Amino acid sequence: ASRPRKMEDGQFYMSPEYMAIKARTSLVMKRTAKREAQLWELDDRHKKRIIDAEYRLSEYFDYQWESTDRGAARWAGDIMKYYRKLKDKEISEGDQVPGINEEVPPVAADPDNVVAAQCWRKWHPEKVIEAKLDDTYDLAMDFEERLGDPEEAPRAAARLLVGVNIDGLEPADAKLLPFAAAWAEMNVGLFSDAQEEVGEELVDEFWDRFSGDGDPEDPEVVRKVAKMAVKSQRDPRTPPHFKAAGLAWKSKNQLVCKKELQQVKDDILDEDATKAFAARKLESEVAEKESIMKLRARARLVRRQAGGQKENDAVSALKDDLRKEAKEDAATLREFKKIHADDIIEILKWRIATHELLRDEAKEVYDHESNDKVYLVVLKKVRPSDAEEMLKEQKAEHDHKVDCSFAALSAENALIAMMNRDVDYQQEADDVVTDDEFEKEEVVFAVAEVAGPAPADGSRPSSRRSFRGDGEDAYGGGGGREALAKRKSTEEMAAKEQQRLETEEAIRQSLDTFDAP
């Protein structure tokens with residue numbers, strides 16, 4: 001195939017039609033720019049230019065990749081699959097993804113390739129479908145070959161796709177999942193028939209795992225297994241294979257599981273409260289560690305100032321010791337924060353998963369209550385005056401239920417949002433202050449105003465960026481510097497400012513020869 005005409009022309013990649021097409025998949029373009037591009041593209045006067053540009057990009061992509069071993073269809077599919085994972089922030093640029101060719105990430109990192117791949121798929125739907133069917137068929141055949149017995153394929157696929165290994169109540173082999181999914185897609189009827197058989201197997205395997213060889217007629221043993229089945233559906237730490245088997249057992253023993261539901265809920269809420277306390281304690285430990293390191297930094301500045309202004313061997317040795325101590329403190333604090341942040345994130349993720357389940361349940365209740373119209377109905381053989389009174393009472397009760405269910409839903413949404421915010425906060429890398437930063441204004445303030453002990457409530461220290469609103473100052477009150485000035489006398493503010501300036505000048509003079517590496 002000959003190379004499409006003028007594809008080397010750089011002006012094309014700066015044209016409005018190309019930028020409009022590129023806006024569809026851009027991960028960096030601002031929302032307003034994307035909207036403008038969309039409006040430009042929708043204009044009837046520009047449709048022919050858009051079509052010509054799409055065709056041009058499609059032909060160029062075909063020219064690039066159709067002659068390769070994998071063909072244009074598979075390259076386009078992998079590029080768009082990788083792009084979607086980048087868009088959803090499931091991966092970072094350059095990461096390898098199972099099931100996607102290792103040569104794809106660097107190609108998909110180029111936005112122009114993503115644009116061309118999207119256009120190629122739009123202009124060649126039949127080739128996209130053909131390639132997908134070919135790949136699915138090949139994977140399905142490979143699945144049967146791996147098993148060695150085609151008759152075993154329905155049962156194996158049904159177990160693997162619910163997260164359970166082919167034999168035994170163990171995690172499914174992740175490498176077999178794409179093959180099992182392809183086989184199920186090509187054999188829907190056989191797969192559906194095997195699901196009931198697999199469900200019975202999982203019921204027996206779950207009982208064997210958690211009954212401890214107990215008597216099926218023993219109520220205590222049954223209650224124990226029922227509690228584990230209910231917990232498997234509500235505890236976010238439950239592995240997929242236990243969750244699938246627990247759901248099968250719970251579905252077949254709904255009555256006894258329903259009796260254990262409230263106890264499991266209470267246990268998980270108690271654990272949630274314990275984890276919340278643990279997270280606050282970890283944050284308090286970080287705050288205390290930062291306070292200690294600030295005091296040590298202040299002590300180093302004082303020791304340096306006491307060493308005098310003249311440069312001699314003693315002063316040089318002192319500077320070397322202080323620099324070494326500062327680096328060690330910085331490394332210690334950085335590692336301390338990293339370890340605690342990882343622990344806090346793990347706790348928060350468990351709590352988020354737990355409260356997402358509670359939120360979904362609260363939403364179901366709210367949707368049911370808000371859509372329930374039973375309160376509008378009264379018995380037929382009731383006097384009009386009594387019917388009116390009954391309707392008022394029913395309406396009041398209905399409104400109360402709706403309000404309560406909405407309040408529960410809002411509370412869960414707010415708590416989840418707060419914990420997601422805390423996860424983002426913990427994932428941010430803190431800049432640990434070292435000697436070369438001790439001359440900065442932040443540390444001068446820290447020296448002038450000696451930091452007190454860590455807050456008892458575990459609140460984060462001011463050295464890390466907080467999530468206070470714009471209207472909240474460092475003392476927890478409303479307003480900024482003006483509001484704080486109103487709460488303090490003019491004399492106090494003036495004296496404090498003067499003391500700060502004097503301290504800053506003294507420290508700068510003492511550190512004018514103290515150059516960190």
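It should be emphasised that the depicted structure is a prediction, and the values quoted were computed from it without experimental measurement. Heavy atoms only: backbone and side chains are in, while hydrogens, waters and symmetry mates are out.
A donor-acceptor pair under 3.5 Å links the side-chain atoms of Ser291 to the main chain of Ala287, judged by distance alone. Remark: the backbone N or O of Thr25 is paired with a side-chain donor or acceptor of Tyr83 at under 3.5 angstrom. When atom types are taken as modelled, the side chain of Asp329 and the backbone of Met293 share no donor-acceptor pair closer than 3.5 angstrom. Listed for the Ser410 side chain is no donor-acceptor partner under 3.5 Å among the backbone atoms of Ala407.
Annotation: side chain of Lys81 is not in contact with side chain of Val97 (no heavy-atom distance under 4.5 Å). For the pair Leu261 and Arg234, the minimum side-chain heavy-atom distance is below 4.5 Å. Contact check for Leu358 versus Lys265: no side-chain heavy atoms found under the 4.5 Å cut-off. Residues Leu333 and Glu290 meet the side-chain proximity criterion, which asks for heavy atoms closer than 4.5 Å. Residues Met19 and Met14 have side chains not in contact (no heavy-atom distance under 4.5 Å, counting atoms from C-beta outward). Looking at heavy atoms from C-beta onward, Trp75 lies in side-chain contact with Val104 at the 4.5 angstrom threshold. Counting only heavy atoms from C-beta outward, the side chains of Gln64 and Tyr60 approach each other to under 4.5 Å.
At a threshold of 4.0 Å, the pair Glu285-Lys289 does not count as salt-bridged, since none of the basic side-chain nitrogens sits closer than that to a carboxylate oxygen. A salt bridge is defined here as a Lys NZ or Arg NE, NH1 or NH2 lying under 4.0 Å from an Asp or Glu carboxylate O, and Arg323 with Asp320 meets this definition. The pair Asp235-Lys243 fails the salt-bridge criterion, with no side-chain N (NZ, NE, NH1 or NH2) lying under 4.0 Å from an Asp/Glu carboxylate O. Ion pairing between a basic and an acidic side chain is recognised when a charged N comes within 4.0 Å of a carboxylate O; Arg146 and Asp142 show no such pairing. With respect to Arg159 and Glu205, a salt bridge is recorded, a charged nitrogen being found less than 4.0 Å from a carboxylate O.
The side chain to side chain contact (heavy atoms under 4.5 Å, CB included) check on Pro111 picks up Lys22, with sequence neighbours excluded. Taking the ring pair (Phe, Tyr, Trp, His ring centres under 6.0 Å) definition, one finds that Phe406 meets it with Tyr366, sequence neighbours left out. Every salt bridge (Lys or Arg N to Asp or Glu O under 4.0 Å) that Glu325 has, sequence neighbours left out, goes to Arg296, Arg300, Arg303. Listed by chain and residue number, Phe210 satisfy the ring pair (Phe, Tyr, Trp, His ring centres under 6.0 Å) test with Phe242 (two or more places apart in sequence, or in another chain). Residues meeting the salt bridge (Lys or Arg N to Asp or Glu O under 4.0 Å) test with Lys34, sequence neighbours left out: none. In terms of the salt bridge (Lys or Arg N to Asp or Glu O under 4.0 Å) criterion, Arg121 has no residue partners (sequence neighbours excluded). Scored by the side chain to side chain contact (heavy atoms under 4.5 Å, CB included) test, Ile50 finds Glu17, Ala20, Ile21, Arg24, Trp40, Glu41, Glu54 as partners (sequence neighbours excluded). When the ring pair (Phe, Tyr, Trp, His ring centres under 6.0 Å) test is applied to His340, the partners found at least two apart in sequence or on another chain are Phe336. Taking the salt bridge (Lys or Arg N to Asp or Glu O under 4.0 Å) definition, one finds that Asp135 meets it with Arg74, sequence neighbours left out.
One distance of note links CZ of Arg359 with CD1 of Ile416; it measures 4.5 Å at 0.5 Å rounding. One finds the NE2 atom of His241 at 11.0 Å from the OG atom of Ser232 (value rounded to the nearest 0.5 Å). Annotation: the span from Asp422 atom CG to Gln427 atom CD amounts to 11.0 Å, rounded to 0.5 Å. The distance from atom CD1 of Ile352 to atom CG of Leu415, rounded to the nearest 0.5 Å, is 9.0 Å. Here the CD1-CE distance, from Ile347 to Met419, works out to 12.0 Å after rounding to the nearest 0.5 Å. Interatomic distance, Ile344 CD1 to Leu282 CG, rounded to the nearest 0.5 Å: 5.0 Å.
Pairing each heavy atom of Val114 with each of Ala108, the nearest pair is CG2-O, 3.5 Å. Across Gly246 and Ala229, no two heavy atoms sit closer than the pair O-CB, 3.8 Å. In terms of heavy atoms, Ala226 sits closest to Trp249 at CA-CZ3, 3.6 Å. Nearest heavy atoms, Ser405 versus Val365: CB-CG1, 4.0 Å. The minimum heavy-atom distance between Ala23 and Ala37, with the atom names listed, is CB-CB, 3.5 Å. When all heavy atoms of Cys119 and Leu57 are compared, the closest pair comes out as SG-CD1, 3.9 Å.
Sorted by first and then second residue, the side-chain hydrogen bond (donor to acceptor under 3.5 Å, both in side chains) pairs involving residues 89-107 (not counting sequence neighbours) are Lys85-Glu90. For the salt bridge (charged side-chain N to carboxylate O under 4.0 Å, His left out) condition, the pairs that include at least one residue of residues 340-356, sequence neighbours left out, are Asp272-Arg351, Lys338-Asp342.
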Full working for side-chain contact (heavy atoms from CB on, under 4.5 Å) between Thr68 and Trp65 = CA-CA 5 Å; Thr68 63; Trp65 303 108; 4.1 Å; yes

Carefully, step by step, assess Asp267 and Glu271 under the rule side-chain contact (heavy atoms from CB on, under 4.5 Å).
-> CA-CA 6 Å; Asp267 291 345; Glu271 186 172 1; over 6 Å; no

Show your working on side-chain contact (heavy atoms from CB on, under 4.5 Å) between Phe206 and Val225 and close with a plain yes or no.
-> CA-CA 8 Å; Phe206 191 83; Val225 178; 3.8 Å; yes

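Under the side chain to side chain donor-acceptor pair (under 3.5 Å) rule, Glu260 has a single partner from Lys227, Arg223, Lys224, which is Arg223.
Around CG of Asp270, the count of heavy atoms belonging to other residues, nucleotides or ligands within 6.0 Å exceeds 12. No more than 12 heavy-atom neighbours from other residues, nucleotides or ligands sit within 6.0 angstrom of NZ on Lys363.
Side-chain polar atoms of Asp112 and Tyr18 form a donor-acceptor pair below 3.5 angstrom. Defined by atom type and a distance below 3.5 Å, a donor-acceptor pair is present between the side-chain atoms of Asp266 and Gln262.
Aromatic ring pairs are classed by plane angle as parallel below 30°, tilted from 30° to 60° and perpendicular above 60°; the pair Phe61 and Trp120 is tilted.
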Would you tabulate the side-chain donor-acceptor contacts of residues 160-175 under 3.5 Å, counting partners in other chains and residues two or more places apart, or write 'none'?
{"unit_1": "Glu170", "atom_1": "OE2", "unit_2": "Arg209", "atom_2": "NH2", "d": "3.4"}
{"unit_1": "Asp173", "atom_1": "OD1", "unit_2": "Lys175", "atom_2": "N", "d": "3.1"}

